Amino acid sequence: MPELPEVEVTRLGIQPHVEGRRLEGARVREPRLRWPVPDGLDQAVAGRRVTAVRRRAKYLVLALDPGGSLLIHLGMSGSLRVVPATTPPQAHDHVDLLLDNGTALRLRDPRRFGAILWTEAPPETHPRLAGLGPEPLDPAFTGEHLHRRSRSRTASVKAFLMDAKVVVGIGNIYASEALFRAGLHPARPAGEVDRAGYDRLAAAVAEVLRAAIAAGGTTLRDFTASDGAPGYFRQELAVYNRTGEPCPACGTPLEKAVIAQRSSFFCPHCQP
DNA sequence: ACTGGATCCTGACTGC
DNA sequence: TGCAGTCAGGATCCAG
């Protein structure tokens, strides 16, 4: 699924087509997503204007006027396209948000781990968003923050980095990539990494996420941006899915290990 | 407060 | 060609 860079690439892609448009309604073909698509979504959004397309963690937040917000999560396999509303839906095209120019923002999600939620309250107070950690591209995300939050934690630094209460947006690909750039073994207990290590890690996270956004995200199999284009950061991945290939820094064969139930990729020499 | 494990779902791929 | 098994970009819930 889309991690933060893929969600941000999606946001940048749909924003010019969606922001400022009035919603005419919603067409729900399959409400059984991660959580059920709300009953009455069509009525709830009809006539409201999209004033902003934002992102919080891996959620897209469409702010509406007068009031209300749509929260859209892409789960593992979700994607959003802007298409003519008359385009015949293909398999797994579960929801259309109908815009006032004859187009539709169309959610496709084969695995249905994604979600569309509706709230009248300020979106940051929604249970799914309240309690999340800082954005990794915000100044509040620092090595000091990671160091402080990790004291006495025995779980791996990789699991720690993927904990949305610690910092949001980092999934399995970018966790491996950031730990490689920081020279940290993914299985190291989070509480044993020192301040210098977390300073390197915080910087590495921001670097790799920014680079991935600039490349249009990472396409492993089914991620496409809102215009259908794949992301090209796959070519720049240093370790992810590269078991046995030479480390780009030292040439040692890269290794794979299952850490916190997720495949993890690392260089045994550069990441002690 | 943390931790690891199970869970939701479909599709792609591997090996027999 | 078919079939069973494995794995996949997420994140919640639960027991301990």
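Proteins come first, then strands; the chains are lettered A, B, ... in the order of their sequence lines, and each starts at number 1. Just so it is clear, the structure is predicted and the values come from calculations on it, not from any experiment. Side-chain atoms are counted along with the backbone in the values below, which use heavy atoms only and exclude waters and symmetry mates.
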Considering every strand and a 4.0 Å limit on heavy-atom distances, what is the contact class for [X]: base, sugar-phosphate, or nothing?
X      : value
A:T154 : sugar-phosphate
A:F160 : nothing
A:R234 : nothing

Can you confirm whether more than 12 heavy atoms, excluding those of [X], are under 6.0 Å from its [atom1] atom?
X      : atom1 : value
A:H269 : NE2   : no
A:R151 : CZ    : yes
A:R54  : CZ    : no

Nearest-neighbour nucleotide for the [X] side chain, [options] considered:
X      : options               : answer
A:F113 : B:dG5, B:dG11, B:dC9  : B:dC9
A:A155 : B:dC9, B:dT3, B:dG11  : B:dT3
A:R112 : B:dT3, B:dC9, C:dG10  : B:dC9
A:K58  : B:dT10, C:dG10, B:dT3 : C:dG10
A:Y59  : B:dA6, B:dC2, C:dT12  : C:dT12
A:W35  : C:dT12, B:dT10, B:dT3 : C:dT12

Worksheet entry | Plane angle bin for A:Y174 and A:F233 - parallel if under 30°, tilted between 30 and 60°, otherwise perpendicular |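 Answer is tilted, since the angle falls between 30° and 60°.
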
Worksheet item: So which one's nearest nucleotide on DNA chain B is more toward 5', A:H92 or A:R34?
Response: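 Mapping each residue to its closest nucleotide by heavy atoms, the 5'-most match is A:R34.
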
To the nearest Å, how far apart are [X] [atom1] and [N] [atom2]?
X      : N      : atom1 : atom2 : value
A:L161 : C:dG10 : CG    : P     : 12 Å
A:R32  : B:dT10 : CZ    : P     : 7 Å
A:L71  : C:dG10 : CG    : P     : 19 Å
A:L220 : B:dT10 : CG    : P     : 21 Å
A:D163 : C:dT12 : CG    : C1'   : 12 Å
A:R111 : C:dA11 : CZ    : C1'   : 12 Å
A:I173 : C:dA8  : CD1   : P     : 11 Å
A:N172 : C:dA8  : CG    : P     : 8 Å

Is the phosphate of [N], meaning OP1 or OP2, less than 4.0 Å from a side-chain N or O of [X]?
X      : N      : result
A:S263 : C:dC7  : no
A:R262 : C:dG10 : yes
A:H73  : C:dG10 : no
A:Q261 : B:dG5  : yes

Fill in: Pairing partner of B:dA1 (Watson-Crick or G-U wobble, both distances under 3.5 Å)
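For B:dA1, the partner nucleotide comes out as none, under the 3.5 Å rule.
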
Worksheet entry | Pairing partner of B:dC9 (Watson-Crick or G-U wobble, both distances under 3.5 Å) |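 Paired with no nucleotide.
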
Practice prompt. Sticking with atom P, work out how far B:dC9 lies from C:dC3, rounded to a whole angstrom.
Written response: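 Roughly 23 Å separates the two P atoms.
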
Fill in: Atom of A:A175, atom of A:L161 and distance for their closest heavy-atom approach
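It is CA-CD2, 4.1 Å.
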
Discussion item. Go through it in stages, so that I can follow the logic: the residues are A:N241 and A:K256, the test is side chain to side chain donor-acceptor pair (under 3.5 Å), and I'd like the CA-CA distance, side-chain angles, deciding distance and then a yes or no.
Written reply: CA-CA 8 Å; A:N241 225 0; A:K256 171 182 174 175; over 6 Å; no

Item to complete: Report yes or no: is there a donor-acceptor pair, N or O only, under 3.5 Å between the side chain of A:R153 and the base of B:dA1?
Response: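 When only heavy-atom distances are counted, A:R153 does not reach the base of B:dA1 through any donor-acceptor pair under 3.5 Å.
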
